[in-house]
> 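Pasting in a structure now, in structure tokens, and then I'll have a few things to ask.
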Amino acid sequence: MKIIRNSWSLLLLVALAGCSSSKTMTYESKWNAPFSYVDEIKPDQQDQKSRLRYGIINDEHYVYLTLKTKDPTTIQNILSSGLKISFSPDGQKKDQYSLLFPVVMKEDRKALRRVDTDLPNSLGLDLLLDSYNKEAVWKDKQGQHFINLVAQDGSIKSKILMDQNGELTEQIAIPFSLMGVNAKETAMLGVNIKVDGQSSQSGFSPRIGIGLGGGIGMGGGMGVGIGSGGYNSRYNGNDRNVDIKLEVQLARAN
């Protein structure tokens with residue numbers, strides 16, 4: 001009996017280990033030219049757990065990602081915890097580069113858990129997304145630092161929006177030069193798309209916020225927020241956590 005019990009315990013541990021890790025998937029990027037990525041990139045794959053759809057294209061200078069979802073719990077997780085996308089170029093340290101977007105203030109995160117707002121028709125949501133679209137956090141060999149998403153400097157671009165059908169879209173453009181990548185010579189790029197339900201960084205908050213915890217700074221004491229519309233009572237947010245690991249085969253010009 002002891003041998004059988006030990007065997008079952010070993011099998012259970014193996015099963016749990018398999019469930020706790022996300023399998024790395026191979027993805028073939030598409031070539032960007034001659035169209036504009038904003039208009040033409042379409043998500044062509046979907047993560048079954050989080051129901052987040054994704055698509056990736058590239059040219060010689062940029063890698064572009066578009067992410068879309070209508071899943072209410074995944075949307076809430078992204079808006080209240082932020083989405084972290086890590087990059088691992090061939091021959092470089094794993095996850096040495098990453099983009100955290102949106103960046104959520106701690107006080108806003110607390111308010112997001114208790115304030116319900118009609119989605120997607122919400123003034124609070126519009127203000128929230130407008131705030132998120134101003135800054136992101138980029139990590140490279142020099143560490144983490146804020147980047148201005150509003151300035152037209154040809155650097156990282158990232159935007160998050162929600163349409164009238166309740167679909168959340170996040171679009172990201174990362175210059176290869178910021179990762180020390182020569183797209184003509186690099187064949188593969190590791191990409192990890194993740195929301196773990198935790199704060200973005202311990203003690204790390206953006207300089208821009210709309211005051212979900214106590215007003216939007218317009219003199220009216222107006223509080224705005226976004227909630228799950230009742231989904232918290234039916235779902236544990238952890239069952240929609242995003243953890244997509246991709247080995248992206250970069251496209252080349254024909």
Side-chain angles (χ1 to χ4, degrees), residues 22 24 27 29 32 37-38 41 43 47 50 52-59 61-69 74-75 77-90 92-105 108-109 128-161 168-181 183 186 188-202 204-209 241-248 250:
S22 177
T24 299
Y27 183 92
S29 178
N32 179 41
Y37 111 94
V38 174
I41 182 172
D47 176 47
S50 63
L52 183 71
R53 294 183 293 123
Y54 54 91
I56 303 174
I57 65 176
N58 71 273
D59 54 29
H61 304 290
Y62 283 84
V63 58
Y64 308 92
L65 298 89
T66 290
L67 310 167
K68 289 179 177 287
T69 184
T74 296
I75 290 173
N77 284 343
I78 291 173
L79 294 183
S80 61
S81 296
L83 192 68
K84 181 179 180 181
I85 304 180
S86 302
F87 301 93
S88 303
D90 269 351
Q92 298 192 41
K93 183 179 178 182
K94 182 177 174 61
D95 298 340
Q96 187 167 26
Y97 308 93
S98 67
L99 181 74
L100 178 64
F101 177 79
V103 186
V104 187
M105 295 182 70
D108 288 356
R109 186 178 297 111
L128 181 70
L129 296 182
D130 182 63
S131 173
Y132 283 170
N133 282 322
K134 290 181 172 65
E135 285 188 329
V137 174
W138 173 248
K139 174 190 171 186
D140 53 24
K141 295 179 180 179
Q142 283 70 50
Q144 293 178 323
H145 48 91
F146 284 102
I147 56 173
N148 186 340
L149 297 174
V150 179
Q152 299 295 321
D153 59 359
S155 183
I156 296 171
K157 296 300 174 187
S158 194
K159 185 175 181 63
I160 189 168
L161 55 90
L168 189 77
T169 298
E170 187 166 333
Q171 295 178 316
I172 297 165
I174 309 287
F176 283 124
S177 60
L178 294 183
M179 299 182 286
V181 169
T186 302
M188 303 296 293
L189 178 68
V191 176
N192 185 11
I193 305 167
K194 188 171 184 179
V195 175
D196 58 15
Q198 302 299 319
S199 61
S200 58
Q201 298 292 333
S202 177
F204 200 65
S205 296
R207 296 159 294 181
I208 295 175
N241 278 356
V242 180
D243 190 7
I244 304 170
K245 297 178 181 178
L246 302 174
E247 190 173 68
V248 178
L250 297 176

> Go through the structure and list residues passing side-chain contact (heavy atoms from CB on, under 4.5 Å) with Ser86, not counting sequence neighbours.
Lys84, Asp95, Ser98, Asn192
> Are side-chain heavy atoms of Val191 and Tyr27 found at a separation under 4.5 Å?
no
> Taking all non-hydrogen atoms of both residues into account, name the closest pair between Ile160 and Pro102 and its distance.
CD1-CD, 4.2 Å
> Minimum heavy-atom separation for Val63 to Asn58, with atom names?
CA-CB, 4.1 Å
> Is there a side-chain contact (heavy atoms from CB on, under 4.5 Å) between Val195 and Leu52 once you walk through the steps?
CA-CA 11 Å; Val195 175; Leu52 183 71; over 6 Å; no
> Is there a donor-acceptor contact under 3.5 Å from the side chain of Ser29 to the main chain of Val248?
no
> Any heavy-atom pair between the side chains of Tyr132 and Val104 that's under 4.5 Å?
yes
> Roughly how far, to the nearest 0.5 Å, is the OG1 atom of Thr66 from the NZ atom of Lys159?
12.5 Å
> Supply the atom-to-atom distance Lys194 NZ to Ile85 CD1, rounded to the nearest 0.5 angstrom.
13.5 Å
> Any side-chain heavy atom of Asp59 within less than 4.5 Å of one from Tyr64?
yes
> Between Leu189 and Phe87, is there a side-chain heavy-atom distance shorter than 4.5 Å?
yes
> Excluding sequence neighbours, so at least two apart, what forms side chain to side chain donor-acceptor pair (under 3.5 Å) with Gln92?
Tyr97
> Compare all side-chain heavy atoms of Phe101 with those of Leu149 and state whether any distance is below 4.5 angstrom.
yes
> If you compare all heavy atoms of Ile193 against all heavy atoms of Val242, which two are closest, and at what distance to 0.1 Å?
O-CG1, 3.5 Å
> When rounded to the nearest 0.5 angstrom, what is the spacing between CG in Leu168 and CD1 in Ile75?
5.0 Å
> If you take all heavy atoms of Glu170 and Leu83, which pair is closest and at what distance?
OE1-CD2, 3.6 Å
> Given side chains that start at C-beta, do those of Asn241 and Ser50 come closer than 4.5 Å, heavy atoms only?
no
> Return the CD1 to CD1 distance between Ile156 and Ile172, rounded to the nearest 0.5 Å.
9.5 Å
> What closest approach, in Å, do Met179 and Ile174 show between heavy atoms, and which atom pair accounts for it?
CE-CG2, 4.0 Å
> So how far is it from Asp47 CG to Arg53 CZ, rounded to the nearest 0.5 Å?
12.5 Å
> How would you list, by chain and number, every residue that makes a side chain to side chain donor-acceptor pair (under 3.5 Å) with Ser158, sequence neighbours excluded?
none
> Where is the tightest heavy-atom contact between Ala136 and Val103, given as atom of each residue plus distance?
CA-CG2, 3.9 Å
> With sequence neighbours excluded, tell me which residues meet side chain to side chain donor-acceptor pair (under 3.5 Å) with Thr186.
none
> With Phe176, which residues qualify under ring-ring contact (aromatic ring centres under 6.0 Å, His included), at least two apart?
none
> What distance do Asn133 atom CG and Leu128 atom CG have between them, rounded to the nearest 0.5 Å?
9.5 Å
> List in chain and number order the residues that pass side chain to side chain donor-acceptor pair (under 3.5 Å) with Asp90, two or more places apart in sequence or in another chain; answer none if no residue qualifies.
none
